[in-house]
Amino acid sequence: MPVYKDKKRGTWFAKIFRIDSITGKSKQILKRCFQTKKEALAWEVAQFETEMITDISFQQLDDLYIEYKNPKKESTRTQEKTRVKKYMDFAGTPISAISKAMLMEWYIDFIKRDDLAVSTKNYCISVIKAVFKFGHEFYGIPNNAVVLK
């Protein structure tokens, strides 16, 4: 993990390359103006720890959560995956792009639906809350689902 000295400015900068887990394309992240080499290295390490998980979609985080809780029945896993894909229109959205406002808009529209049973609505909301809580506890993702009741 190299960092570089900018001789013209007299500061340090770090450059890392990441593979975007959604698009599969390589992207470069560059951060300049570190006063010391130690600061640049610390930023680089922090990027590898946080960037790695925030690029994944809600669906991918839900898959990690299902693996973690490991339900014994395959039908339980299938049911949760199906409901996430069917009722949560933000399933393919990167976790870092899902805001509290976005969840509130989804929640208001979802609760107004008359074609779903109350138990289905409650189940979907509990899944969202559980996935965000899992992401927060294990990967440091902000728990934006706290706005859901």
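When reading the values below, keep in mind they use all heavy atoms of this one structure, side chains included, and skip hydrogens, waters and symmetry mates. Worth saying up front: this structure is predicted, and the values here are computed from it rather than measured.
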Quiz prompt | Residue pair Ile128, Phe90: steps toward the side-chain contact (heavy atoms from CB on, under 4.5 Å) verdict | solution = CA-CA 11 Å; Ile128 293 171; Phe90 53 85; 3.6 Å; yes
Quiz item: Looking at residues at least two apart in the chain, or sitting in another chain, which of them share a side chain to side chain contact (heavy atoms under 4.5 Å, CB included) with Gln79?
Solution: Arg83, Tyr123
Self-check item: For Lys100, the option from Val146, Asn143, Leu148 that meets side-chain contact (heavy atoms from CB on, under 4.5 Å)
Solution: Val146
Return all side-chain donor-acceptor pairs below 3.5 angstrom for residues 30-42, not counting sequence neighbours, or 'none' if the list is empty.
residue, atom, partner, partner atom, Å
Arg32, NH1, Asp6, OD2, 3.4
Thr36, OG1, Glu39, N, 3.2
Glu39, OE1, Gln35, N, 3.2

Self-check item: Within one Ile-Leu-Val-Met-Phe-Trp-Tyr cluster: Val3 and Phe13, side-chain cutoff 4.5 Å
Solution: no
Quiz item: Within a reach of under 6.0 Å around CG of Asp115, are more than 12 heavy atoms found that belong to other residues, nucleotides or ligands?
Solution: yes
Quiz item: Are Arg113 and Tyr87 close enough, and set up right, to give a side-chain contact (heavy atoms from CB on, under 4.5 Å), and what steps lead you there?
Solution: CA-CA 11 Å; Arg113 290 181 66 170; Tyr87 300 123; 3.8 Å; yes
Practice problem: Check the pair Gln59, Thr93 against side-chain contact (heavy atoms from CB on, under 4.5 Å), reporting the backbone distance first and the verdict last. | Solution: CA-CA 8 Å; Gln59 180 69 51; Thr93 307; over 6 Å; no
Practice problem: Check whether the ring centres of Trp12 and Tyr4 lie less than 6.0 Å apart, and answer yes or no. | Solution: no
Quiz item: Does a side-chain heavy-atom distance below 4.5 Å link Leu116 with Phe110?
Solution: yes
Quiz item: Should Ile125 and Ile111 be marked as a side-chain contact (heavy atoms from CB on, under 4.5 Å) after you check the CA-CA gap, both sets of side-chain angles, and the distance that decides it?
Solution: CA-CA 10 Å; Ile125 292 167; Ile111 290 300; 3.9 Å; yes
Quiz item: Mind checking whether Met88 and Val127 have side chains closer than 4.5 Å, heavy atoms only?
Solution: yes
Practice problem: Assign the ring pair Phe58 / Phe132 to parallel, tilted or perpendicular, where the plane angle (0 to 90°) is split at 30° and 60°. | Solution: tilted
Practice problem: Please say whether more than 12 non-hydrogen atoms of neighbouring residues, nucleotides or ligands are located less than 6.0 Å from NZ in Lys5. | Solution: yes
Quiz prompt | Ion pair Glu80/Lys69, N-O distance below 4.0 Å | solution = yes
